[in-house]
Asker: 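Below is a structure I'd like to ask you about.
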Amino acid sequence: MTTTTQSDSGQPVYTGSGTPTGDEEVVLGFSDVDVRFKTEFGSVHAVKGVDLKVRPGEVVALVGESGSGKSVTSMTAMRLLPRNATIGGQVDVAGKEVGRLKEASMRRLRGNDVAMVFQEPMTALNPVLTVGTQVVESMELHGVARGASAWKRAIELLGMVGIPEPERQMKKYPHELSGGQRQRVVIAIAISCDPKVIIADEPTTALDVTVQADILDLLRSLKDKLNTGILLITHNMGVVADMADRVAVMFKGEIVERGTVEEVLLHPNHDYTKMLLGSVPRMGHGRGQMGISVKEEVDADAPLAIELKNLVIEYQRLGKAPFRAVDDVSFDVRQGEIVGLVGESGSGKSTIGRCALGLIPAASGEFQLLGQNITGMKRGDLKPLRKRIGVIFQDPAASLNPRLPIGECIAEPLVVHKVGDRKSRQDKVYELLDAVQLPREVYNRYPHEVSGGQRQRISVARALTLDPELLVADEPTSALDVSVQARVLKIFSDLQEQFGFACLFISHDLAVIDLLAHKVVVLQNGRVVEAGPRQQIMENPQEDYTQRLIAAAPVPDPLEQGRRRRERHELLREQGEEIVELKVDGEQFHQSSQAEVVDVEDVEDVDGTDGPTSR
Amino acid sequence: MTDNHRPDEPDPTPVASPVEEAYSVEKPIDLSQKSYSQGQLVRRRFFRHKGAMVSLFVLVFITGMAFTSIGYGIIPSWWDKTFYDAGATVDGGRPTLQLWPFQIGEHPFGQDTIGKDYFALTMRGTQRSLIVAFTVGLLSTVLGTIVGAAAGFYRGWVEAILMRVTDLFIIIPLLVLAAVLGKMAGGGIWSLALVLSLVSWTGLARLVRGEVLSLREREFVTAAEAIGTGSGRVIFKHILPNTIGTIIVSATLTIATTILLESALSFLNFGVRPPDTSLGLLISTYQNAFLTRPWLFWWPGLMILGIALSVNFLGDGLRDAFDPRQNRTAD
């Protein structure tokens, strides 16, 4: 049992079995790692003396929000930091000190001893090379296999990570595969040279929740069967609870708390960890978390804000039949009601949102918006209707015009709809800035001068400028850090209570929907799978897909998550679905991926010409 | 048992708790810094750009001297000679300007082959060239921006027509087109400027179209359309300000190239005609005198260089000032 205590100086002291002792085998070790970046505006101290060790067959999670330095720390092991970085301390990979390796030895180390799985598989894979070429390439580079034997081995690897019909997939290009399959290819490449440790940098952040659960299952079996050490970098506490053996929490370049996953997630000591965990909405806990309270009942006689009847939305494609993004969807939203539109990517949830904003025409069916049918309505006729609708988009950085000062951004709807004069508009903006808890002084500042969550609050303020009757929120918090998300959600729910607008809340995060929505509509491939009151859908889902979706969402509690995982596996078995795991025996795997080339002596003088400087 | 592990309920007050403030990943907004309006910010950044300030000074100096020395319209002149009266040649027409000891003398820039005062001639040429260059810079920028923005924003047949017209202008040799149009329009300075504008907007139109094509897919444009903003406002308020860097750099390049284009046309006898003159005409008229009377080449050449360089530096400074994301010269 690790005991984490506060010393007199306020610095935590770490002892006990949670951290590896001197004589245990360590595949990845950071000792007193310190990284500074020289920039135009002076030096940025990104990592301030991090100590961390990963043993074989162990998952260590490095948790933190943006700017905590968790990715930078991991990059020191690959020595892939940009040239303006100065690295202090020592990083050891499989017994070799990374800082002292020549560039050629370093290249051998990458892949052979340490491999990476990146966040976005689409950008981690080269779009102009086939999947097979890329798997073969890494093996040939490291002398594991060549030519026909490498090709054969690549097929085996793809099969192992659970890609169906691996021979056929080998000749495909990355864009022809789904997101989950692409990430499996990246994992196949990572294990192709049988590395001792894998660094997984947000490996599931870009994936849908059911795919995320599958990839996590795959990574877990990788560690169990191959005894690979995994350094898991993530911001998602649910992923940590699902995967990690030990956890280190980073804040602004320092590890503020560490211990086994149970200790850190169940009995956090540090204030930051407590706050972080307190900001995560939990599946199955429903209302009342994080001080957010949404009234449970909506007036049943309230007029309908949105009424969809057999809505069909199609995208025209050149030379092909139009793509049906939304197919025969019917549901309604009452005044004052928050309806959560849930689904994975490609389910058509955003398309419905865009249709509600009049940005995409409906192909057929009926879209009643605030009592008027907007299908086939002309642009000019839509304008008065738009005055009564607000919108919040996902990425606050992209949805605010970088050239407009914040005050003008918020006042824009007033100007467009010619409401009030200069003075009254300014007063309204000040009022809204107060409502979203931003200082009035930001009026003349630009969006880039404030950070992500603050920007999203500006979006919320802009959406409410005209006191809309309906708000369309398209993934309003998914680009934000958890602690920031909590605050934005709190402000959002308070404002909803205050103004009583109806809301179409589009999200892939079931926990957020559970927290806010009155009604839930589950979409898959453009069709409604299940719809109903929140409690009914969340606690007693009837459809297979909904059950899988809810079962796949991880919770930040290792014990509960362990139980949920077993339940999910059971559910998958019941529904005749496959449980993802590495389809190979560990012993066999290690034998077949023995390198043909013998390593030359590795530790030599520092190669001064390549890579960042070492102190 | 899992319920026991739920963390404490956070403070229900809307304002962030002290712990949240202390461990916030968001930078607090620095309110101690003075807040500036957009115009102030641009001006402040622009005035801090050293290169731009020096260039502005040089350009204002050249312009001021060109327009006041021999006069223009109602602006009175302070130089006692004109660009068309020939006088007696003094000292082979050598410049009398001396830096040490400083003296201006009778003919600071010298005299041409028939005894005309070369300072007056150069000033007249600078006037003409500046008028042509800036008129063309303005007109072709407006034209190119409108064509490019319309093509990029409306797509479809609007784009097809506008871009094919642009292609047509691009494939016809610039000089030939300008020469023919210039001949048709007569030799006036304004018609020359108009003709040059008509042939030099194509590059900018393509650049702006490309930028607009990518900007119109951005979320803030969608957001603007979603609240009911009309096309005109979306183009002029949301899209074009984001292309200001491209437009300004292109405009300054246009001004610089126009000065050269104008001299080429004048050389071919399609531009400004004697007895009126321009910097390009001066250079081409006296190109054979380069070895015997080099000042007849150097003075107008120096003016062209000074104008083109300072205009380019100004464009650089303006782009930095307009782009709030690149805070290179601030603080």
Side-chain angles (χ1 to χ4, degrees), chain A residues 40 65-68 251 265-268 271-272 274-275 277-279 285 290-291 357-359 382-383 386-387 389 391 393-395 398-405 412-413 416-417 437-439 441-446 448-454 481 483-484 487 490-491 494 557 559-560, chain B residues 1-20 22-31 33-38 40-41 215 218-231 233-234 237-244 322-325 327-328 331:
Chain A
E40 261 177 273
E65 295 181 283
S66 48
S68 62
F251 175 71
L265 293 194
L266 302 182
H267 309 286
D271 283 343
Y272 177 65
K274 284 181 191 164
M275 187 206 76
L277 285 166
S279 321
H285 288 219
M290 305 169 353
L357 296 169
L359 297 170
L382 264 174
K383 196 169 172 181
R386 279 179 164 151
K387 198 177 158 186
I389 306 170
V391 59
F393 285 108
Q394 173 174 1
D395 187 355
S399 62
L400 297 172
N401 186 344
R403 298 278 169 178
L404 278 189
E412 178 84 359
V416 168
H417 292 285
Q437 297 163 29
L438 284 171
E441 285 83 352
V442 301
Y443 191 96
N444 275 331
R445 285 170 198 270
Y446 285 91
H448 73 272
E449 293 179 83
V450 301
S451 46
Q454 289 155 350
D481 280 314
S483 64
V484 178
R487 188 147 177 212
K490 171 88 179 107
I491 288 170
D494 286 350
D557 178 325
L559 304 177
E560 193 185 335
Chain B
M1 72 166 281
T2 48
D3 272 1
N4 302 342
H5 302 307
R6 280 176 71 174
D8 302 317
E9 292 289 327
D11 213 73
T13 52
V15 184
S17 65
V19 174
E20 271 177 48
Y23 295 106
S24 173
V25 285
E26 307 223 294
K27 278 185 305 222
I29 302 162
D30 185 6
L31 295 177
Q33 252 187 351
K34 194 172 170 283
S35 186
Y36 295 93
S37 76
Q38 185 172 28
Q40 283 172 321
L41 277 171
L215 282 167
R218 296 270 292 274
E219 238 169 33
F220 66 83
V221 174
T222 317
E225 285 179 337
I227 59 170
T229 315
S231 310
R233 194 177 161 85
V234 169
K237 188 91 186 174
H238 294 282
I239 294 183
L240 284 185
N242 283 292
T243 62
I244 199 87
F322 272 109
D323 196 342
R325 281 160 297 185
N327 228 2
R328 203 174 294 163
D331 306 314

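Proteins get letters first, then strands, A, B, ... in listed order; numbering begins at 1 in each.
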Asker: Specify which of A:Gly358, A:Ala398, A:Pro413 makes the most heavy-atom pairs with chain B at under 4.5 Å.
Answerer: A:Ala398
Asker: So A:Leu404 and B:His238, side chain to side chain contact (heavy atoms under 4.5 Å, CB included) or not? Walk me through it.
Answerer: CA-CA 8 Å; A:Leu404 278 189; B:His238 294 282; 3.8 Å; yes
Asker: For a quick test of reading the model, state the closest non-hydrogen atom pair linking B:Thr222 to A:Phe393 and the distance between them.
Answerer: CG2-CZ, 3.9 Å
Asker: Where is the tightest heavy-atom contact between A:Asn401 and B:Asn242, given as atom of each residue plus distance?
Answerer: OD1-ND2, 3.0 Å
Asker: Less than 4.5 Å to any heavy atom of chain B: does that hold for the side chain of A:Leu359, its backbone, both, or neither?
Answerer: side chain
Asker: Can you tell me how far the OG1 atom of B:Thr229 sits from the CD atom of A:Glu412, to the nearest 0.5 Å?
Answerer: 5.0 Å
Asker: For residues A:Ser399 and B:Ala223, report the shortest heavy-atom separation together with the two atoms involved.
Answerer: O-CB, 4.1 Å
Asker: Quick one: side-chain hydrogen bond (donor to acceptor under 3.5 Å, both in side chains) partners of A:His417, sequence neighbours excluded?
Answerer: none
Asker: Sequence neighbours left out, what passes side-chain hydrogen bond (donor to acceptor under 3.5 Å, both in side chains) with B:Lys237? Give chain and number order.
Answerer: A:Glu408
Asker: State whether the side chain of A:Arg403 and the backbone N or O of B:Pro241 hold a donor-acceptor pair below 3.5 Å, judged by distance alone.
Answerer: yes
Asker: Drop me the distance from A:Leu382's CG to B:Glu225's CD, to the nearest 0.5 angstrom.
Answerer: 12.0 Å
